[in-house]
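In what follows, a structure is listed as structure tokens, so that the remarks can point back to it.
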Amino acid sequence: MGIPANPNDFGLFCEAAADFHVVTSGGRSIPAHSRVLASASPVLEKMIVQQCKKGRSGWAIQIPGVPCDVVIDFLRFLYAGKSCQPLEAVAAMERHGVQLLALSHAYRIRWLKRRCETEICGQVVPDDAVDVMKLARLCDAPRLFRRCLGVVAKDFANVQRSEGWRFVQTYDPHLELEVVQFMEEREQRRRRWRRERVDQEVFMQLSEAMECLVHICTEGCTVVGPHDGDPPSKNRGPCIKFRTCEALQFLIRHFATCGKKLAGGGGCIQCKRMWQLFRLHSSLCDRASCKVPLCSEFKIRMPEEGKMKGDEATWRLLVKKVTVARVMSSLDARKTPEQIHRAWERFRRRN
């Protein structure tokens with residue numbers, strides 16, 4: 001059904017076969033069709049049935065509390081339904097989005113309420129975030145409420161200067177406490193995510209070091225030749241495959257010649273690090289014949305050492321984390337299909 005864009009022409013449009021009137025708070029009577037209103041809202045349907053039971057002529061219902069222009073936009077949405085033109089809907093939401101949300105909640109029009117909630121989410125600013133938050137709580141709009149909380153937490157300095165926040169501090173301590181708790185939990189999540197990112201980077205470096213160790217012991221590199229193979233060529237350039245290759249070669253050369261290791265006692269700090277890398281590789285390695293030194297020896301001795309030292313659970317957790325990092329790295333290296341890439345871009349534009 002084509003609805004006129006001009007609010008002044010809406011009454012003329014509805015006069016055709018109109019059997020009902022909608023009275024605004026300003027006293028204006030707008031002709032309407034009872035079947036359209038009843039099919040759009042169960043609340044309006046009940047009001048219309050009550051009016052019909054009274055048997056009076058000139059049936060009318062009142063929509064108080066909002067200006068006449070808001071009621072006209074509200075009726076336009078009821079007549080057009082979900083097929084309302086996007087440009088007209090956006091313009092109406094910009095004019096009266098908050099009032100339309102309240103009306104759609106009061107008259108139980110779910111599709112219009114979801115539409116209002118979506119449009120208002122993109123219009124929330126720090127100056128009115130608290131006011132919109134109170135409305136979202138009254139209208140049971142959780143998505144809009146969370147959006148307002150995010151705006152408040154992001155720019156709390158400007159929100160504190162708003163009238164809405166001062167009103168909340170004076171008359172609504174529960175909402176103030178909820179906002180403060182949300183901000184504290186948000187900061188805790190951000191700190192936890194930062195720690196997890198740092199830990200993930202460490203596990204990614206360990207995963208890369210395991211691949212680099214296999215590369216050095218199998219193929220050889222700049223200054224360290226392959227295991228049971230010829231020494232590296234002097235004309236060989238720097239390794240560009242792995243970021244950790246140069247540092248790992250230094251540890252291997254030091255491990256091979258360290259006097260403290262040969263004298264017993266486990267060696268120096270660098271030797272102990274190399275021992276741990278060899279052990280980690282043996283925990284991840286599934287090859288029957290591996291060229292990495294001490295791999296088979298660690299596979300035999302690992303269960304006994306774990307029971308003796310009591311670190312089996314901790315070591316298994318480390319192995320699990322490095323394995324997950326290796327899998328995620330291989331997935332990240334894969335080329336994303338073009339269809340999935342386009343779908344992801346469309347999702348990002350909508351949000």
Side-chain angles (χ1 to χ4, degrees), residues 93-94 97-98 101-102 105 113-209 243-244 311 313-333 336 340-341 343-351:
M93 293 296 176
E94 291 179 353
V98 174
L101 174 64
H105 173 72
K113 180 179 176 180
R114 290 194 299 268
R115 193 164 190 171
C116 294
E117 191 175 1
T118 301
E119 294 294 334
I120 297 174
C121 281
Q123 303 174 6
V124 179
V125 295
D127 292 337
D128 61 358
V130 178
D131 296 328
V132 178
M133 187 190 308
K134 292 186 290 185
L135 176 65
R137 188 171 62 174
L138 292 173
C139 294
D140 191 21
R143 181 183 176 187
L144 180 58
F145 188 82
R146 291 193 299 268
R147 170 60 181 167
C148 294
L149 283 175
V151 173
V152 170
K154 186 177 181 180
D155 196 359
F156 188 62
N158 288 331
V159 172
Q160 284 181 306
R161 293 192 290 267
S162 64
E163 291 290 338
W165 180 252
R166 287 194 286 269
F167 178 87
V168 166
Q169 286 183 308
T170 306
Y171 300 104
D172 198 345
H174 295 289
L175 182 58
E176 180 186 7
L177 179 61
E178 187 172 356
V179 171
V180 174
Q181 288 178 344
F182 173 81
M183 294 175 59
E184 183 178 354
E185 293 173 357
R186 182 172 180 264
E187 184 60 28
Q188 290 177 353
R189 287 194 301 269
R190 296 179 68 176
R191 288 197 296 265
R192 185 175 66 251
W193 291 340
R194 284 194 291 266
R195 290 196 303 268
E196 290 177 355
R197 283 196 298 266
V198 172
D199 294 342
Q200 187 65 24
E201 181 64 25
V202 173
F203 297 136
M204 293 292 289
Q205 291 177 1
L206 287 174
S207 174
E208 182 180 351
R243 296 174 297 175
T244 58
D311 62 345
T314 304
W315 188 260
R316 286 182 179 179
L317 180 60
L318 175 63
V319 173
K320 180 181 178 181
K321 295 288 187 180
V322 176
T323 304
V324 172
R326 175 182 292 183
V327 173
M328 297 303 296
S329 177
S330 62
L331 292 176
D332 187 58
T336 306
I340 297 179
H341 182 72
W344 174 247
E345 289 297 329
R346 288 196 298 269
F347 174 78
R348 292 181 62 184
R349 285 195 296 269
R350 286 198 304 266
N351 293 273

Notebook entry, point to check: Are R194 and E187 close enough, and set up right, to give a salt bridge (Lys or Arg N to Asp or Glu O under 4.0 Å), and what steps lead you there?
Noted result: CA-CA 11 Å; R194 284 194 291 266; E187 184 60 28; 3.7 Å; yes
Checklist line | Residues H105, L138; criterion side chain to side chain contact (heavy atoms under 4.5 Å, CB included); working and verdict | finding: CA-CA 9 Å; H105 173 72; L138 292 173; over 6 Å; no
Next item on the list: Show your working on side chain to side chain contact (heavy atoms under 4.5 Å, CB included) between L318 and L206 and close with a plain yes or no.
Entry: CA-CA 10 Å; L318 175 63; L206 287 174; 4.1 Å; yes
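Between the E119 side chain and the G97 main chain, no donor and acceptor come within less than 3.5 Å of each other. Remark: the backbone N or O of D140 is paired with a side-chain donor or acceptor of K113 at under 3.5 angstrom. In this structure, the side chain of S162 does not engage the main chain of N158 through any donor-acceptor pair within 3.5 Å.
Ion pairing between E117 and R114 fails under the 4.0 Å rule for side-chain N and carboxylate O. With salt bridges taken as basic N to acidic carboxylate O contacts below 4.0 Å, none links E196 and K321.
How far CZ of R326 is from CD of E208: 11.5 Å, rounded to the nearest 0.5 Å. One finds the CZ atom of F145 at 5.5 Å from the CG atom of L175 (value rounded to the nearest 0.5 Å). Atom CE of M93 sits about 9.0 Å away from atom CD of Q123, to the nearest 0.5 Å. Considering CZ of R316 and OG1 of T323, their distance stands at 13.0 Å, rounded to 0.5 Å. Rounding to the nearest 0.5 angstrom, the gap separating the CE atom in M204 from the CZ atom in R197 is 14.5 Å. One finds the CZ atom of R143 at 4.0 Å from the OG1 atom of T118 (value rounded to the nearest 0.5 Å).
Residues E176 and W165 approach most closely at CG-CH2, 3.8 Å, considering heavy atoms. Of all heavy-atom pairs between P126 and V151, the closest is N-CG1, 3.8 Å. Heavy-atom minimum distance, E178 versus R137: OE1-NH1, 4.3 Å. When all heavy atoms of M183 and A153 are compared, the closest pair comes out as CG-CB, 3.9 Å. Scanning all heavy atoms of the two residues, the minimum distance from C139 to A102 falls at SG-CA, 4.0 Å. Taking each heavy atom of L149 and F182 in turn, the nearest pair found is O-CE2, 3.4 Å.
A heavy-atom distance below 4.5 Å is found between the side chains of L144 and L101.
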